[in-house]
Trainee: 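Pasting a structure here, questions to come.
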Amino acid sequence: MSALVGPPAYCAHIAEVLLSQEQLRRRVGELAAEVSRDYAGKDLVLIGVLNGAVVFLADLLRALTIPAELEFVGASSYGDGIVSYGTCELTKDLDRSIEGKHAVVVEDIVDTGRTLAALVECLELKGAASVEVCALLDKPSRRTVELHPRYIGFEIPDSFVVGYGLDFAQHYRGLPYVAVLEPEAYESTT
Ligand code: IMP
């Protein structure tokens, strides 16, 4: 198991480091190489899903060997949205048009797949030339909708994970690794 680094108050609730900094660095490099190869010569826009994808996106973007524009969306397939497209409600819309551009949606984790399925539909409606998904983590056992991300960093088991952008109640995003939380962390807040 990798050494725990980060604020001691966070580390107290971590059951196990699932993906070390080195594993993440290597895999993100591989994903960036794939994206760079697949989108060479194309008008690429990376669309980060706020807030969880920010850390992954920052590393992915810097490892690309081709130019890419950057956009962000806030998406919610469950809660209150501000802008609505089909089944997708955006809590933050794109700042610029993506019409005719090749969009790669960058997400931290695919769980049921509902958020991303709705978001892909929404981006297609906005006239993107193509829309693909690049997710760092995938919990395929939890899928309830049809969604096949083109790029997946790691398939993980069905446990709640934090770190490297992923949160529990807005905490743990700054941890440099992906970790499984101890059940006490949930139980103490429910
Ligand atoms: P989906 O629509 O069910 O696929 O939900 C995806 C969203 O749920 C992700 O963008 C995360 O915000 C959140 N989520 C799902 N599983 C986890 C987890 O293990 N840790 C942190 N957030 C998670």
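When a ligand or atom number is given, it counts from 1 through the structure's own listing order.
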Trainee: Which of the listed options, Thr115, Asp167, Ile109, holds the heavy atom that is closest to atom 5 (O) of ligand 1?
Mentor: Thr115
Trainee: Taking only residues two or more places apart in sequence or in another chain, which ones pass salt bridge (Lys or Arg N to Asp or Glu O under 4.0 Å) with Arg62?
Mentor: Asp59
Trainee: Can you list the ligand 1 atoms lying under 4.0 Å from a non-hydrogen atom of Leu166?
Mentor: 20 (N), 21 (C), 22 (N)
Trainee: If the contact criterion is a heavy-atom separation under 4.0 Å, does Arg142 count as touching ligand 1?
Mentor: no
Trainee: For ligand 1, is Gly113 a contact, meaning one of its heavy atoms is under 4.0 Å away?
Mentor: yes
Trainee: Between atom CG of Asp111 and atom CG of Leu137, what is the distance when rounded to the nearest 0.5 Å?
Mentor: 10.5 Å
Trainee: Are the side chains of Tyr164 and Leu19 in touch, meaning some heavy atoms are under 4.5 Å apart?
Mentor: no
Trainee: Would you call Val162 a ligand 1 contact, heavy-atom distance under 4.0 Å?
Mentor: no
Trainee: Of all the atoms in ligand 1, which lie at a distance below 4.0 Å from a heavy atom belonging to Glu107?
Mentor: 10 (O)
Trainee: Does any N or O of ligand 1 fall below 3.5 Å from an N or O anywhere on Phe160, backbone included?
Mentor: no
Trainee: Got Ile109 and Ile156 here, is their nearest side-chain heavy-atom distance under 4.5 Å?
Mentor: yes
Trainee: Output side-chain donor-acceptor pairs under 3.5 Å for residues 68-75, partner residues at least two apart or in another chain, one line each.
Mentor:
unit_1	atom_1	unit_2	atom_2	d
Glu69	OE1	Lys101	NZ	3.1
Glu69	OE2	Lys101	NZ	3.2
Glu71	OE1	Asp95	N	2.8
Glu71	OE2	Arg96	NH1	2.5

Trainee: Taking 4.0 angstrom as the limit, do Arg26 and Glu30 come out as a salt bridge?
Mentor: no
Trainee: Which atoms of ligand 1 are found less than 4.0 Å from any heavy atom of Ser159?
Mentor: 19 (O)
